[in-house]
Novice: 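Right, I'll just put the structure down here and ask away after.
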Amino acid sequence: MAETTHTPADQSRPIHLSRAEFLWLTTGVWIGGIFILALLPLVLIPRLGIPLGVAASYFVFFLAWQPVQSITQRTLGMRAAVLRMIIFVAGAATVAYYLRGLLPLQ
(Lines give C-alpha, C1' and ligand atoms only; values in the text may rest on other atoms or scores of the structure.)
Protein backbone atom coordinates (compact mmCIF):
# COMPACT_ATOMS: atom_id res chain seq x y z
CA MET A 1 0.00 0.00 0.00
CA ALA A 2 1.22 3.45 -0.82
CA GLU A 3 1.41 5.93 1.98
CA THR A 4 -0.08 9.32 1.43
CA THR A 5 1.44 12.38 2.96
CA HIS A 6 -0.74 15.21 4.03
CA THR A 7 0.53 18.76 3.82
CA PRO A 8 -1.07 21.59 5.73
CA ALA A 9 -3.47 23.68 3.71
CA ASP A 10 -1.51 26.90 4.24
CA GLN A 11 1.59 25.55 2.50
CA SER A 12 -0.19 24.48 -0.66
CA ARG A 13 -2.29 27.61 -1.18
CA PRO A 14 -0.64 30.77 -2.49
CA ILE A 15 -1.08 34.02 -0.62
CA HIS A 16 -2.64 36.83 -2.61
CA LEU A 17 -1.90 40.30 -1.27
CA SER A 18 -2.19 43.60 -3.02
CA ARG A 19 0.66 46.08 -2.74
CA ALA A 20 -1.36 48.18 -0.32
CA GLU A 21 -2.16 45.18 1.89
CA PHE A 22 1.49 44.15 1.91
CA LEU A 23 2.51 47.71 2.83
CA TRP A 24 0.02 47.86 5.71
CA LEU A 25 1.04 44.42 6.95
CA THR A 26 4.72 45.35 6.90
CA THR A 27 4.08 48.72 8.53
CA GLY A 28 1.94 47.20 11.27
CA VAL A 29 4.51 44.56 12.16
CA TRP A 30 7.29 47.17 12.05
CA ILE A 31 5.42 49.50 14.44
CA GLY A 32 4.69 46.54 16.71
CA GLY A 33 8.40 45.70 16.58
CA ILE A 34 9.26 49.23 17.68
CA PHE A 35 7.14 48.80 20.78
CA ILE A 36 8.58 45.32 21.40
CA LEU A 37 12.11 46.74 21.27
CA ALA A 38 11.19 49.80 23.34
CA LEU A 39 9.18 48.21 26.14
CA LEU A 40 10.16 44.55 26.43
CA PRO A 41 13.73 45.28 27.61
CA LEU A 42 12.26 47.30 30.47
CA VAL A 43 10.44 44.16 31.60
CA LEU A 44 13.17 41.62 30.85
CA ILE A 45 16.37 43.42 31.97
CA PRO A 46 15.51 43.39 35.71
CA ARG A 47 14.79 39.66 35.47
CA LEU A 48 17.48 38.45 33.04
CA GLY A 49 20.18 41.12 33.14
CA ILE A 50 21.19 43.52 30.39
CA PRO A 51 22.64 41.18 27.74
CA LEU A 52 19.95 38.49 27.96
CA GLY A 53 17.10 40.98 28.33
CA VAL A 54 18.10 42.87 25.19
CA ALA A 55 18.81 39.65 23.26
CA ALA A 56 15.42 38.20 24.28
CA SER A 57 13.61 41.33 23.08
CA TYR A 58 15.31 41.08 19.67
CA PHE A 59 14.44 37.37 19.56
CA VAL A 60 10.75 38.22 20.15
CA PHE A 61 10.96 40.89 17.42
CA PHE A 62 12.37 38.36 14.95
CA LEU A 63 9.63 35.87 15.87
CA ALA A 64 6.98 38.52 15.18
CA TRP A 65 8.69 39.41 11.89
CA GLN A 66 8.91 35.85 10.49
CA PRO A 67 5.48 35.71 8.78
CA VAL A 68 6.19 38.97 6.94
CA GLN A 69 9.70 37.78 6.16
CA SER A 70 8.44 34.59 4.52
CA ILE A 71 5.94 36.54 2.40
CA THR A 72 8.69 38.97 1.39
CA GLN A 73 10.98 36.10 0.44
CA ARG A 74 8.29 34.53 -1.73
CA THR A 75 7.42 37.75 -3.52
CA LEU A 76 10.73 39.62 -3.79
CA GLY A 77 13.38 36.93 -3.40
CA MET A 78 15.84 36.04 -0.67
CA ARG A 79 18.33 38.88 -1.17
CA ALA A 80 15.69 41.63 -1.13
CA ALA A 81 13.98 40.06 1.89
CA VAL A 82 17.19 39.92 3.94
CA LEU A 83 18.10 43.48 2.98
CA ARG A 84 14.62 44.72 3.92
CA MET A 85 14.78 42.87 7.23
CA ILE A 86 18.13 44.46 8.11
CA ILE A 87 16.82 47.93 7.22
CA PHE A 88 13.58 47.44 9.17
CA VAL A 89 15.36 46.06 12.26
CA ALA A 90 17.89 48.89 12.23
CA GLY A 91 15.14 51.47 11.81
CA ALA A 92 12.96 49.93 14.51
CA ALA A 93 15.90 49.69 16.92
CA THR A 94 16.77 53.35 16.35
CA VAL A 95 13.20 54.57 16.85
CA ALA A 96 12.80 52.29 19.90
CA TYR A 97 15.97 53.70 21.46
CA TYR A 98 14.69 57.27 21.21
CA LEU A 99 11.17 56.26 22.28
CA ARG A 100 12.60 54.53 25.36
CA GLY A 101 14.47 57.77 26.16
CA LEU A 102 11.17 59.67 26.14
CA LEU A 103 9.47 57.33 28.63
CA PRO A 104 9.06 58.79 32.11
CA LEU A 105 10.89 56.22 34.20
CA GLN A 106 11.36 56.60 37.94
Novice: Which atom names give the shortest non-hydrogen contact between Pro41 and Ile36, and what distance separates them?
Specialist: CD-O, 3.5 Å
Novice: When clusters are formed by joining ILVMFWY residues with side-chain heavy atoms under 4.5 Å apart, either directly or through shared neighbours, do Leu52 and Ile50 land in the same one?
Specialist: yes
Novice: Other than Leu83, what residues sit in its cluster of Ile, Leu, Val, Met, Phe, Trp and Tyr side chains whose heavy atoms are under 4.5 Å apart, directly or through others?
Specialist: Ile87
Novice: To the nearest 0.5 Å, tell me how far Leu39 CG sits from Leu103 CG.
Specialist: 6.0 Å
Novice: Would a single hydrophobic cluster contain both Val54 and Phe62, if residues Ile, Leu, Val, Met, Phe, Trp and Tyr are joined by side-chain heavy-atom contacts under 4.5 Å?
Specialist: yes
Novice: Keeping to residues at least two apart or across chains, list the side-chain hydrogen bond (donor to acceptor under 3.5 Å, both in side chains) pairs with something in residues 46-69.
Specialist: Trp65-Gln69
Novice: Show your working on side chain to side chain contact (heavy atoms under 4.5 Å, CB included) between Thr26 and Phe88 and close with a plain yes or no.
Specialist: CA-CA 9 Å; Thr26 304; Phe88 281 125; 3.6 Å; yes
Novice: How long is the span from the OG1 atom in Thr94 to the CG atom in Leu99, to the nearest 0.5 Å?
Specialist: 12.5 Å
Novice: Does Val89 share a hydrophobic cluster with Phe35, counting links as ILVMFWY side-chain heavy atoms below 4.5 Å and allowing steps through other members?
Specialist: yes
Novice: Taking only residues two or more places apart in sequence or in another chain, which ones pass side-chain contact (heavy atoms from CB on, under 4.5 Å) with Leu23?
Specialist: Thr27
Novice: Using side-chain heavy atoms (C-beta onward) and a distance below 4.5 Å, is Ile71 in contact with Leu25?
Specialist: yes
Novice: Apply side-chain contact (heavy atoms from CB on, under 4.5 Å) to Leu76 and list each qualifying residue two or more places apart in sequence or on a separate chain.
Specialist: Thr72, Ala80, Arg84
Novice: How would you list, by chain and number, every residue that makes a side-chain contact (heavy atoms from CB on, under 4.5 Å) with Leu44, sequence neighbours excluded?
Specialist: Leu40, Leu48, Ala56
Novice: Using the side-chain contact (heavy atoms from CB on, under 4.5 Å) criterion, which residues pair with Tyr97? Sequence neighbours excluded.
Specialist: Arg100
Novice: Measure the shortest side-chain to side-chain distance between Leu17 and Thr75 over non-hydrogen atoms and say whether it is less than 4.5 angstrom.
Specialist: no
Novice: Can you see which heavy atom on Leu37 is nearest to which on Phe61, and at what distance?
Specialist: CD2-CB, 4.1 Å
